[in-house]
Amino acid sequence: MLLSNLLLGALCVLAWNPLDYWPQDPLHLKLASKWDSEDAFSKLEDYVVEEKYPLLKLHRSLMEIESITGNEYAVANYLTKYLKNSGLTVETQHVEDKRYNIYAYYGEQRNTSTVISSHIDVVPPHIGYSVDGTKIRGRGACDDKGPLAAQVIAFLDLLHEGKIKEGDASLLFVVGEENSGIGMRTASEGLGISWDYAIFGEPTENKLGVGHKGIFAFDVEVIGRASHSGYPELGISATDILVPILHKIQNLDLPKSDLLGPSTVNIGKIEAGVAANVVPAYGKATIAIRVASDLDEVVRLVHTVVDDVEHVVPVKGRTTEPQYLDYEVPGFESIILAYNTDVPNLMLPLKKRFLYGPGTIHVAHSEDEHVENKDLLDSVVGYKGLVEHILTL
Ligand SMILES: *[C@@H]1O[C@H](CO)[C@@H](O)[C@H](O)[C@H]1NC(C)=O
């Protein structure tokens, strides 16, 4: 490690007090976002443990507060205080008992050109924070507390540097992305705000998401009649009806997209029957189709298989349109994604929507969830660049 880095690090310790943090010399923020020394992360543990960098400190604090969907209260309280102490105007929006969204901006102008957003909930189980070489491990490392922390620091950094002013940008942090999208939908229905551009934070390997597939999720349920398996003619086998239907669904010729690839079928769960010697009275399959294109056609094709089959419960389901995003920004690479986000839940007219963040979806939701420290720091530069690009549009 270079001596100068050590000295700057020590300065940061002195300058950094999360409770008295605004306005201050932006040195510590610059360090957080402009860090590119080659040996920067050979001793990551020192930086994290000693809390030298506000980005790493914020990321760690957010990760250490468990916030599995439905239990976001503590992390929301922490974040609210952090943003207030950073000098921002902070509104909270009630979603459900002990669940609220956070909307923060500088000054008094609520409507801003750009909204920068992440979700504060994570999937179970909670996995504690740890540092492993150049990786930061634990639940939320990349989904979604890495993007969240980077967005906050990027926003404050831009303000400190005078690159954004009142009305240019705001921060929106929502609950409930991981199961229902209730937080983002509540925000788009109830905040009474308009934006022109939105930046969503999710792990995209610091590339701009080209888009992501939509979904058609549904159950196929068959109500048959039990009988002794020696006398199948006395019963109605739910599995004999269900299995061919599933086979047909697997073999549907579903719409493709040049951009997002094929639509894919996952028969995620099957429940049926009680024993080998009983004709099954009941069968159910839970299916999700990731829809690359033409959601209506996907739904129609499924209905051609299940409708009018005797003993099958009429199929309903949950749908989300595929999302096509804006990804052509100088200096940014792009990436195609297969996972769902809060993008479709922000139901307001927008000129452009971007999806960007550190880390990869390949480890999100897994026991191995982590983010490379360098990617986390680089994403601050990315978010800043994106906002600056948007301001030129
Ligand atoms: C902010 O946007 C909302 C929703 O479009 C609009 O009703 C309101 O008048 C705007 N406020 C200002 C100050 O422009």
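Each ligand, and each atom within it, is numbered from 1 in the order the structure gives.
Scanning the protein for heavy atoms near atom 7 (O) of ligand 1, the closest one is G192 O, 4.9 Å. At the shortest separation from atom 2 (O) of ligand 1 among protein heavy atoms lies N111 ND2, 2.4 Å.
Across I116, V115, L346, a single residue satisfies side chain to side chain contact (heavy atoms under 4.5 Å, CB included) together with F200, and that is L346.
The ring of Y383 has its center closer than 6.0 angstrom to the ring center of Y356.
The aromatic rings of Y73 and Y100 sit perpendicular, their planes meeting at an angle over 60°, well past the 30° parallel limit.
Using a 4.0 Å threshold on non-hydrogen atoms, atom 9 (O) of ligand 1 does not count as touching the protein.
Within the 4.5 Å cutoff, the side chain of L350 has no heavy atoms near those of the Y197 side chain.
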